[in-house]
Amino acid sequence: MTVHAALQYGMVVVQGLVGTQAALLFGLAVAQAVLLLLAAPLYSGISRVLRAKFHSRQGPGIWQDYRDLVKLLNRREVIPAKAGLAFRATPYVVLVAMLLVAMSIPAVTDRSPVAATGDLITIIYLFAMARFFYALAGIDSDSMFAGVGASRETTMGVLNEPVMVLSLFTVALMAGSTDLGTVAATIRAGTMPSYAATLMAMLAFGFAVFVEMGKLPFDLVEAEQELQEGPITEYSGRALGLVKWGMALKQIVALSLFIGVFLPFGSAVSLTWLALGVGTVVLLVKLLVAFVAIAFVENTMARNQFLDVSRITFIGAGAAALAFALSLAGV
Amino acid sequence: MIVLGLLAGSVGLYAAGGVGSLLLWRWDTAATWVAGVTAAVAAVLGTGAALQVLLDGGGPSFAAAGPFPFASFVIRFDPLAALLVLVISLVTLAASIFSLSYLRDYAGRGIGVMGFFFNLFAASMVMVAVADNGFYFLLFWELMTLTSYFLVIFDQDRKAVDAGFLYFFITQSFSMLLMVAFLLLFMRTGSLDFAAFRAEKLPVWLASVIFLLTFFGFGAKAGMVPLHIWLPRAHPAAPSHASALMSGVMVKLGIYGIIRVEVDFLGAGVAWWGWVVLAFGAASSVLGVLYALAEHDIKRLLAYHTVENIGIILMGTGAGMVGIATGKPLLASIGLLAAFYHTLNHSVFKGLLFLGAGAVTFSIQTRDMTQMGGLARGMPWTACCFLVGALSIAAIPPLNGFVSEWFTYQALFAAGLGPDVASRLFGPLAAVMLAITGALALMCFVKATGIMFCGAARGQPAAEAQEVPVPMLAGTVLLAGLCVVLGLGAPSIAPVLSRAAGTLLKSGPVPVAAGMLVFPGDPHRAVLSTPLMALLLLGLLALPLLIALVHRGHRVAPRIVPEAWASGYDHNAQMTVSATGFVEPPGFMFSGLYRLRTIQGPVADVLDGSVDVSTKAAAIVEPVWDRTMVRIATRGVQFLGQYLQLMEGGNLRVYCLYILAALGVVLMMVEG
């Protein structure tokens, strides 16, 4: 009940902030978050099917992840005695952080539905929030696999966050604002001073998103082969369902962020029902194309030793540095 | 005038409480309470005075002749000084409440003396912040160093004494630079008053010399790389409530000095000054956090994070100075605002983390993280507060560390907008450094929180840990609450600090907040609303809760299994990730920088060695001194005495003759 009241209060606050249109934008933000939440298992299901096809297997069908989630959510949890509050709270924290990102990024529209949390730094640190709790839960679960997974998760953050910051900073400097909606609108309007730099920044950020999604060869945190799914080893039942859903949401949100900022073509410009409907369909299609492309990349990659990963992520860092240099040169 | 009264009351109470505590040195409990309660009340008074000045946007000054003809006693309570007094008072308040129970650990070891030095330390820091005369500034600066030195060596063991010596050695040698700088200004202006320094227009070369002298002089006290080596030794050696004050507050006076001299006196007129400050800031932040990663001793880890955060503050300061020099008022204001905000935030969360570490040490009597684990079960309140501090320092939104780092990013972004190439290049590169720092700090505090409070206990003391007494919790909870307030209250706090920056720049405040939003001077550039974010995070919790509630999973209570799954083997604590193992990947990936550290080790060893050599040399020199100089002097005196005895014949007439002779000599001198 209090939660509901808080939401309502939030809506009043948003209305007071920017005007009456804000209520519509806020509704859009919630709808966008719910849409991505509901679509997340579909896309992870599609990923599984595509992976099976690459292996010349039949695959479980694209709806399998929904069935898995429902089954898990209905089952009893098993918790190690030494696990504490961090372990229990993390499934919720990860979901909430990712839902807030989903509300704040330009995806269906070419602007941030909630600009007050749609700044590029805020978004990157909301990802960090999920990472903090996810890693902490790994240590808290008292499993050795989870502990190593937690270490890897934070290490990936160290390698990946600078790439995200530099590539987004490059385009933001060219757009003159760190607001992701403004960056997207500038890219869409074609008024970026340097196309080469924008393209390079897109490649760098795309790489960073790929790493963030934990796709091969970067599935090091939840490495099934050597870590039994890393930080989520000890999760079971309802909590496992929520964590799995959170991870699927994180993947689709990261990808939507990439698409929304760098490929905003076709997203809704005005807040009419028609434009929003078209924007939603376009977003879902773009996500599908992206997932298929990612499936091609990840299923043709070999796994690497974890300690070598910094050498691979230097590609992303190099691309971001190149984008920055290009924008400096104004090419 | 009431503000000055509050300030005087605050300083007077600190001093009175300190002396009272010293007088009561025989009665530990009485000394603890006298020192703690007076410090807490004094801190409340100081907070009130500082808030009054910050909210008014300007404060009074006071001048008196003082006993020395060359220096008048001037107090100036401007918003910058008020910010520092606020920082000092808030942390002192929490630390003194904390000390009421914490000092039980030190029973019978001179609590009265500790209270004396602690209170005097706080008082001297307040006076450093408000003194507006070079002589008195340096006087209180030395008093601050001296009192904190005694807190560092309080344990009296070899390690503490060495750390204290290194601390004293480095800060003293670098405060020489400050004296030289002030003397140069004195020669130029003929006055030691800061007002004269402020008014003087210096030639660029002299200003640059003074910049370098004061930047390194104050930088050593702030603990920036490479002058930081004393910091991770000295801060952990002190008792935890004093560590909180040293690491949370005292280093900020180094920052204060840099801003006071470089921005206020010298007007930050040269662009390369700003870049130097920014470069040292970036180096401090990355290296500080990298070295923190490798620590097992929780207090040393926290001390290294002080180096990191000083770096972040210097980045904001440097960006602001570049903005002043290149004529960009927006950049100047946002840079200084970021520095001010992070100064305030860092002292709150670092104070909190040191008090948390102190609570853990109090409970299980070790600072070694490898012997902790699972403390959250025994000490849930301390664990929650420590988690808040960890989230703040890792810049997790919507807490306070995030807000000030957001402003720092925005300052660097504003620098990156150019138009000059140096700004366009170095601004974003510094932002990348900040991103690396942020990610490493996250890793470090996942490690610290996880290894200390989560999972299974590694050892008997950790398994039997008890929650600490209420006063200690009260101090910790106070600071944890402030972390939340300073984060969510950003829309009310940022304008106050922006006005303080505007006063310093003499340019008027830049708008940074409207309603529940904050923005870096221009709402089109970026907006942020931490209160809205908090509301949304809470509101969004409804979705997963709803999902969980409509399914059957919650109807059965979870089954608790005694151990985590270990591939069929017997689970034991040795299997789980250790403090070392957790940070191994960055250790491998950044091995180059860790090599730097092992090279830097010898530098510290050389210093250690020189300490040893000098004490040994003193031991050798003393007998030699004794044999030669002292003996000659005593022999000479004895010899002279024998001859003088001849003059004292005991005959009254001879004495009368002496008097007449003396009178004659005096008369001749007067005539001549």
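The structure presented is a predicted model; accordingly, all values stated were derived computationally and were not measured. Protein chains get the first letters and strands the later ones, always in sequence-line order, with residue 1 at the start of each.
Contact count against chain A (heavy-atom pairs under 4.5 Å) is highest for Leu537(B) among Leu440(B), Leu429(B), Leu537(B). Residue with the most contacts toward chain A among Ile396(B), Val446(B), Val527(B), Ile560(B): Val446(B) (heavy-atom pairs, distance under 4.5 Å). Highest contact tally toward chain B, considering only Val78(A), Asp179(A), Val165(A), is held by Val78(A) [criterion: heavy-atom pairs under 4.5 Å]. When the candidates Leu173(A), Thr155(A), Asn160(A), Val148(A) are compared by the number of heavy-atom contacts under 4.5 Å with chain B, Leu173(A) comes out ahead. Between chain B and the residues Thr233(A), Thr117(A), Leu99(A), the most heavy-atom pairs under 4.5 angstrom are made by Leu99(A). Residue with the most contacts toward chain A among Cys384(B), Ala564(B), Pro585(B): Ala564(B) (heavy-atom pairs, distance under 4.5 Å). The candidate with the highest count of non-hydrogen atom pairs below 4.5 Å against chain A, out of Gly427(B), Ala414(B), Pro398(B), Ala435(B), is Ala435(B). Highest contact tally toward chain B, considering only Leu69(A), Val309(A), Leu328(A), Val70(A), is held by Leu328(A) [criterion: heavy-atom pairs under 4.5 Å]. Contact count versus chain B (heavy atoms, under 4.5 Å) is highest, among Ala83(A), Gly246(A), Ala146(A), Ala150(A), for Ala150(A). When each of Ser310(A), Ala97(A), Ala320(A) is scored by its heavy-atom pairs under 4.5 Å with chain B, the top score falls to Ser310(A).
Contacts of Ile124(A) with chain B are absent, with no heavy-atom separation under 4.5 Å from either backbone or side chain. Looking at Met103(A), only its side chain comes within 4.5 Å of chain B, counting heavy atoms on both sides. Within the 4.5 angstrom heavy-atom criterion, only side-chain atoms of Phe402(B), from C-beta onward, approach chain A. Heavy atoms of Leu242(A) lying under 4.5 Å from chain B belong exclusively to its side chain. Residue Phe133(A) touches chain B through its side chain alone, counting heavy-atom pairs closer than 4.5 Å. In this structure, the portion of Leu95(A) lying under 4.5 Å from any heavy atom of chain B is its side chain and not its backbone. When heavy atoms are compared at a cutoff of 4.5 Å, Leu543(B) approaches chain A solely by way of its side chain, counted from C-beta outward. When heavy atoms are compared at a cutoff of 4.5 Å, Ala325(A) does not approach chain B at all. When heavy atoms are compared at a cutoff of 4.5 Å, Pro562(B) approaches chain A solely by way of its backbone atoms N, CA, C and O. Only the backbone of Ser141(A) comes within contact range of chain B, with at least one heavy atom under 4.5 Å from a heavy atom of that chain. Both the backbone and the side chain of Ala394(B) come within contact range of chain A, each with at least one heavy atom under 4.5 Å from a heavy atom of that chain. With a threshold of 4.5 angstrom between heavy atoms, Val96(A) approaches chain B through its backbone and through its side chain. Residue contact with chain A, scored on non-hydrogen atoms closer than 4.5 Å, involves the backbone and the side chain of Leu425(B) alike. Only the side chain of Val34(A) comes within less than 4.5 Å of a heavy atom of chain B; its backbone N, CA, C and O stay farther away. Using a 4.5 Å cut-off between heavy atoms, Leu120(A) does not touch chain B at all. Only the backbone of Ser327(A) comes within contact range of chain B, with heavy atoms under 4.5 Å apart.
Using a 4.5 Å cut-off on side-chain heavy atoms (C-beta onward), Thr449(B) and Ile139(A) make no contact. When side chains are defined from C-beta on, Cys454(B) counts as touching Leu136(A), because their heavy atoms get closer than 4.5 Å. For the pair Ile79(A)/Val561(B), no side-chain contact is recorded, criterion being any heavy-atom separation below 4.5 Å from C-beta on. Between Tyr125(A) and Leu442(B), the closest side-chain pair of non-hydrogen atoms is not below 4.5 Å. Contact annotation: the side chain of Thr182(A) never approaches that of His524(B) to less than 4.5 Å [non-hydrogen atoms, C-beta and beyond]. At a threshold of 4.5 Å between non-hydrogen side-chain atoms, the residues Trp406(B) and Asp119(A) count as touching. Side-chain contact check for Phe169(A) versus Tyr409(B): some heavy-atom pair is nearer than 4.5 Å. Here the side chains of Leu37(A) and Ile547(B) are in contact, with some heavy-atom distance below 4.5 Å.
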TODO: Before giving the answer on side chain to side chain contact (heavy atoms under 4.5 Å, CB included), spell out for Leu536(B) and Val114(A) the whole-Å C-alpha distance, their side-chain angles and the decisive distance to 0.1 Å.
DONE: CA-CA 10 Å; Leu536(B) 288 179; Val114(A) 185; 4.2 Å; yes
Task: Derivation and outcome, side chain to side chain contact (heavy atoms under 4.5 Å, CB included), residues Glu77(A) and Arg559(B) - done: CA-CA 6 Å; Glu77(A) 283 181 58; Arg559(B) 186 160 63 89; over 6 Å; no
- [ ] Assess whether side chain to side chain contact (heavy atoms under 4.5 Å, CB included) is satisfied between Leu540(B) and Leu100(A), documenting all intermediate values.
- [x] CA-CA 7 Å; Leu540(B) 283 171; Leu100(A) 183 55; 3.9 Å; yes
Task: Criterion side chain to side chain contact (heavy atoms under 4.5 Å, CB included) on Glu405(B) and Ile121(A), from CA distance to verdict - done: CA-CA 9 Å; Glu405(B) 284 197 27; Ile121(A) 297 150; over 6 Å; no
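More than 12 heavy-atom neighbours from other residues, nucleotides or ligands sit within 6.0 angstrom of NZ on Lys328(B). Other residues, nucleotides and ligands place more than 12 heavy atoms under 6.0 Å from the OH atom of Tyr92(A). Residue Met433(B) qualifies as open at atom CE: its count of foreign heavy atoms under 6.0 Å is 12 or below.
Here the CD-OG distance, from Glu563(B) to Ser143(A), works out to 12.0 Å after rounding to the nearest 0.5 Å. Rounded to the nearest 0.5 Å, atoms OG1 (Thr154(A)) and CG (Leu293(B)) are 8.5 Å apart. With rounding to the nearest 0.5 angstrom, the CG atom of Leu417(B) is 12.0 Å from the CE atom of Met174(A). Distance check, rounded to the nearest 0.5 Å: NE2 of His551(B) to CZ of Arg238(A) gives 11.0 Å. The line from CE of Met156(A) to CE of Met443(B) is 11.5 Å long, rounded to the nearest 0.5 Å. With rounding to the nearest 0.5 Å, the separation of NZ in Lys447(B) from OG in Ser151(A) is 10.5 Å.
Between the side chain of Asp140(A) and the backbone N or O of Gly455(B) there is at least one donor-acceptor pair closer than 3.5 Å. Looking only at distances, no side-chain donor or acceptor of Arg525(B) sits under 3.5 Å from a matching main-chain atom of Thr178(A).
Residue Lys82(A) comes nearest to Arg377(B) through the heavy atom pair O-NH1, 3.1 Å, listed as atom of the first residue, atom of the second, then distance. Here the shortest heavy-atom pairing between Met533(B) and Thr122(A) reads CE-CG2, 3.2 Å.
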